[in-house]
Amino acid sequence: MSRRKQIYEGKAKVMFEGPEPGTLVQYFKDDATAFNNQKKGTITGKGVLNNRISEYLMMRLAEIGIPTHFIRRLNMREQLVRQVEIIPIEVVVRNIIAGSLAKRFGMEEGGALPRSIVEYYYKKDELGDPMVSEEHITCFGWATTQDLDDIMQMSLRINDFLTGLFLGIGIKLVDFKLEFGRVYENDSMRLVLADEISPDNCRLWDLKTNEKLDKDRFRRDLGRVEEAYQEVARRLGILPEGAPGDAKGTETVQ
Ligand code: ADP
Ligand code: UDP
């Protein structure tokens with residue numbers, strides 16, 4: 001980890017300077033946080049699993065024409081990505097009532113929404129990521145109306161594709177969070193999907209039992225957290241060698 005210059009250390013990942021200009025190395029930690037950093041812990045092997053799961057999902061999304069920051073996986077915990085200028089908005093897509101939506105409106109979790117809902121939150125830990133409208137986003141200059149049109153279109157396409165992909169392996173995609181960034185290329189700018197897609201930022205429920213296979217197991221102290229992440233990777237057909245459950249363990253992989 002000390003080979004490269006560290007650009008940023010976040011709650012779940014560390015970003016290092018990449019080998020070429022305009023690239024970053026994204027290192028996935030086992031650290032887990034919830035409730036705006038109030039709850040902290042470690043999920044052994046999470047970083048290895050999220051690196052692999054996010055690689056797989058980003059590659060599948062690229063195949064259907066979604067531009068992403070992902071370039072290639074480097075090792076068990078690191079992937080090479082394009083450096084982007086992150087738009088400070090968390091885009092949440094919801095298919096089933098859960099989490100803060102259930103809480104905000106006093107609804108029970110589990111009801112299917114008649115149509116998918118897309119919400120925006122301002123990415124600012126100190127403020128607890130407040131929900132914002134398109135008006136706030138354009139007024140404060142975080143993104144333009146055109147950016148938001150593109151973001152909405154990509155988010156709904158990603159939702160359609162991932163909903164089908166997860167259904168195929170017996171999982172309901174309840175909701176998830178996306179981040180987008182800007183890439184500048186010869187006088188033009190385009191938006192790409194950045195950050196990660198993993199059980200850290202998706203709600204994934206078993207189709208038959210509704211068993212939670214995501215970070216809610218950590219948030220709500222349900223136990224068997226690493227096993228849930230492992231189950232998602234197993235169903236996707238990508239359980240990495242050396243992941244928890246594998247005889248070799250993860251200690252040797254930094
Ligand atoms: P947080 O910052 O919320 O604690 P992480 O620990 O996941 O989150 O840190 C990763 C950080 O890197 C996030 O702030 C994310 O917005 C940012 N990021 C993700 N992908 C890229 C990218 N391709 N280029 C630049 N920054 C990125
Ligand atoms: N989410 C996330 N990062 C955040 C907030 C939410 O990845 O900072 C994800 C979360 O895992 C869930 C979805 O976005 O899949 C919706 O989260 P919600 O608004 O219900 O918030 P929560 O109650 O999970 O904090």
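We count ligands from 1, going down the list as the structure has it; atoms in each ligand are counted the same way. Position 1 is the first residue of the sequence; numbering continues from there. As the structure is a computational prediction, the values presented were derived from the model and not from experiment.
The closest side-chain donor-acceptor pair between Glu78 and Asn75 falls under 3.5 angstrom. The closest side-chain donor-acceptor pair between Tyr56 and Arg60 falls under 3.5 angstrom. A donor-acceptor pair shorter than 3.5 Å cannot be found between the side chains of Asn51 and Tyr27.
The shortest distance between side-chain heavy atoms of Asp149 and Met152 does not fall below 4.5 Å.
Between Lys11 and Glu196, none of the side-chain N atoms (NZ, or NE/NH1/NH2) sits under 4.0 Å from a carboxylate O, so this pair counts as no salt bridge. Taking 4.0 Å as the cut-off between side-chain N and carboxylate O, Asp31 and Lys46 do not count as a salt-bridged pair. Between Arg217 and Glu227 there is no salt bridge, since none of the side-chain N atoms of the basic residue sits less than 4.0 Å from a carboxylate O of the acidic one.
The number of heavy atoms from other shown groups lying within 6.0 Å of CD (Glu108) does not exceed 12.
Shown here for Arg94 and Ser100, the closest heavy-atom pair between the two residues is NH2-OG, 3.0 Å.
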Could you give the N/O to N/O pairs under 3.5 Å linking ligand 2 and the protein, each with its distance?
{"from": "ligand 2", "atom 1": "8 (O)", "to": "Glu90", "atom 2": "OE1", "distance (Å)": "3.0"}
{"from": "ligand 2", "atom 1": "8 (O)", "to": "Asp129", "atom 2": "OD2", "distance (Å)": "3.4"}
{"from": "ligand 2", "atom 1": "11 (O)", "to": "Arg219", "atom 2": "NH2", "distance (Å)": "2.9"}
{"from": "ligand 2", "atom 1": "15 (O)", "to": "Asp175", "atom 2": "OD1", "distance (Å)": "2.6"}
{"from": "ligand 2", "atom 1": "15 (O)", "to": "Asn201", "atom 2": "O", "distance (Å)": "3.4"}
{"from": "ligand 2", "atom 1": "15 (O)", "to": "Arg203", "atom 2": "N", "distance (Å)": "3.4"}
{"from": "ligand 2", "atom 1": "19 (O)", "to": "Arg94", "atom 2": "NH2", "distance (Å)": "2.6"}
{"from": "ligand 2", "atom 1": "19 (O)", "to": "Ser100", "atom 2": "OG", "distance (Å)": "2.6"}
{"from": "ligand 2", "atom 1": "20 (O)", "to": "Arg94", "atom 2": "NH1", "distance (Å)": "3.4"}
{"from": "ligand 2", "atom 1": "20 (O)", "to": "Arg94", "atom 2": "NH2", "distance (Å)": "3.4"}
{"from": "ligand 2", "atom 1": "20 (O)", "to": "Ser100", "atom 2": "N", "distance (Å)": "2.8"}
{"from": "ligand 2", "atom 1": "20 (O)", "to": "Ser100", "atom 2": "OG", "distance (Å)": "3.4"}
{"from": "ligand 2", "atom 1": "20 (O)", "to": "Arg203", "atom 2": "NH1", "distance (Å)": "3.0"}
{"from": "ligand 2", "atom 1": "23 (O)", "to": "Ser100", "atom 2": "N", "distance (Å)": "3.4"}
{"from": "ligand 2", "atom 1": "24 (O)", "to": "Arg203", "atom 2": "NH2", "distance (Å)": "2.7"}

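At a 4.0 Å heavy-atom cut-off, the residues surrounding ligand 1 are Tyr8, Gly10, Lys11, Ala12, Lys13, Met15, Leu24, Gln26, His69, Val81, Arg82, Gln83, Val84, Ile86, Lys123, Glu179, Ala194, Asp195, listed by chain and number.
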